[in-house]
Amino acid sequence: MIPYLPLKEINASYAPQINEAIQRVVQDGWYIMGKECTHFEQEYAAYIGTRHCIGCGNGYDALWLIFNAYRQMGLLHDGDEVMVPANTFIASVLAITRNRLRPIFTDPDANTCLMGDEQILATLGKHTKAVLLVHLYGQNSYTDRLAQVCRDRGIIIIEDNAQAHGAMYGTRRTGSLGDAAAHSFYPGKNLGALGDAGAVTTNNPLLAATIEKLRNYGSSTKYRHDEIGVNSRLDEIQAAALRVKLRHLDSDNEKRRTIAMRYIAEIKNPYVRTQHIKEPSSHVFHIFPLMSDHRDTLQQHLTTNGIHTQIHYPVPPHKQACYKEYNHLSMPIAEALSATELSLPCHPLLKEEEVTHIIATVNSFKP
Ligand SMILES: *Cc1c(COP(=O)(O)O)cnc(C)c1O
């Protein structure tokens, strides 16, 4: 079988460096909020191109911390509207509703699978206070034109960069484009830890200072609590492992890109569509999605031929059981994507002959 994402093998390829890093932490005896976390924050901020990086527990927390910090700063209030793509992972929406803000679901563009400027500008209302851009599948969804409109109207731009570590907009990296960005280092992400981990990047010093407190019980001095905070810290072992993997992120992304470019060039089947790529050199292909009206039989055909695939995501957030109040909404494109999307293996260890086999199998599919 060709696995979807062989995490064990991917991490084994860095084993000597990761083991050395973990040993360093074990022997140092300082396990939370120490040198590794500080170094990772500096290195990741330098990589993304922001003044600040604040490590935290996971990607959801990074999103939650950003919205909560804006509340603490008096810039977001109960019931304020936040625009969010209807075809995202549920964490993006939970971070909004768990801060008592209102998600305004927006149908994406059917070709890029991202909210385009047209969709956003058509949905912006007078109560819209923030836009959450999700760089879904590893492709940037920010534009300077959108930023200009938002700046003129005092709307905050937040990036969900969980799937797009290393992606670019021109010469700038995603995660440095809006007012703040959330990053997940869930093991399966392009920059994956050995457990849960996340970070916020921003150029706003007040936002950074607020989040630094919020993630550690609202405290900057031990046992003094300025904010009603939470416990969402990045532990030393995760930070040490992330520092190792960050050094290989660009070359790993390049390998994903090479595979994706073959898929784009060589997949030719009237029953299968691929995502529209705005700029191949800027996309980091966290996920390589196919769209097919015969998705389930296509998945069966690939499984029969030894290829594991996944679906991102089978049920959009507004149709989830936990969001009964949004179940009545109709988001035709997001719903169609849920019914047609199939993700092919696309990772740094995939071999050329495996890519060839995957392409041939997709091309031989007939419903
Ligand atoms: C993975 C992911 C998250 C959540 O990250 P966790 O670290 O699992 O909490 C948020 N948004 C998107 C788009 C994701 O893919």
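These numbers come from a predicted model, not from an experiment. Just so you know, ligand 1 is whichever comes first in the structure, and atom 1 is the first atom listed for that ligand. We number each residue from 1, following the sequence as shown.
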Check this for me, if you would: do E81 and K129 make a salt bridge, where the nitrogen-to-carboxylate-oxygen distance has to be below 4.0 angstrom? no
ILVMFWY cluster membership beyond W30 - transitive side-chain contacts under 4.5 angstrom: none
For residues 348-367, pull every pair meeting ring-ring contact (aromatic ring centres under 6.0 Å, His included), keeping only residues two or more places apart or in separate chains. H301-F365
Tabulating one pair per line, provide the atom names and distances (0.1 Å) for every N/O atom of ligand 1 that is less than 3.5 Å from a protein N/O atom.
residue	atom	partner	partner atom	Å
ligand 1	5 (O)	S184	OG	3.1
ligand 1	7 (O)	G59	N	2.8
ligand 1	7 (O)	S184	OG	2.6
ligand 1	9 (O)	G59	N	3.3
ligand 1	9 (O)	Y60	N	2.9
ligand 1	11 (N)	D160	OD1	3.3
ligand 1	11 (N)	D160	OD2	2.7
ligand 1	15 (O)	Q163	NE2	2.8
ligand 1	15 (O)	K189	NZ	3.0

What about F89 and Y313, are their ring centers closer than 6.0 Å? yes
I'd like to check the side chain to side chain donor-acceptor pair (under 3.5 Å) partners of N87; sequence neighbours left out, ordered by chain and number. none
Looking at D252 and K189, does any basic side-chain N land under 4.0 Å from a carboxylate oxygen? no
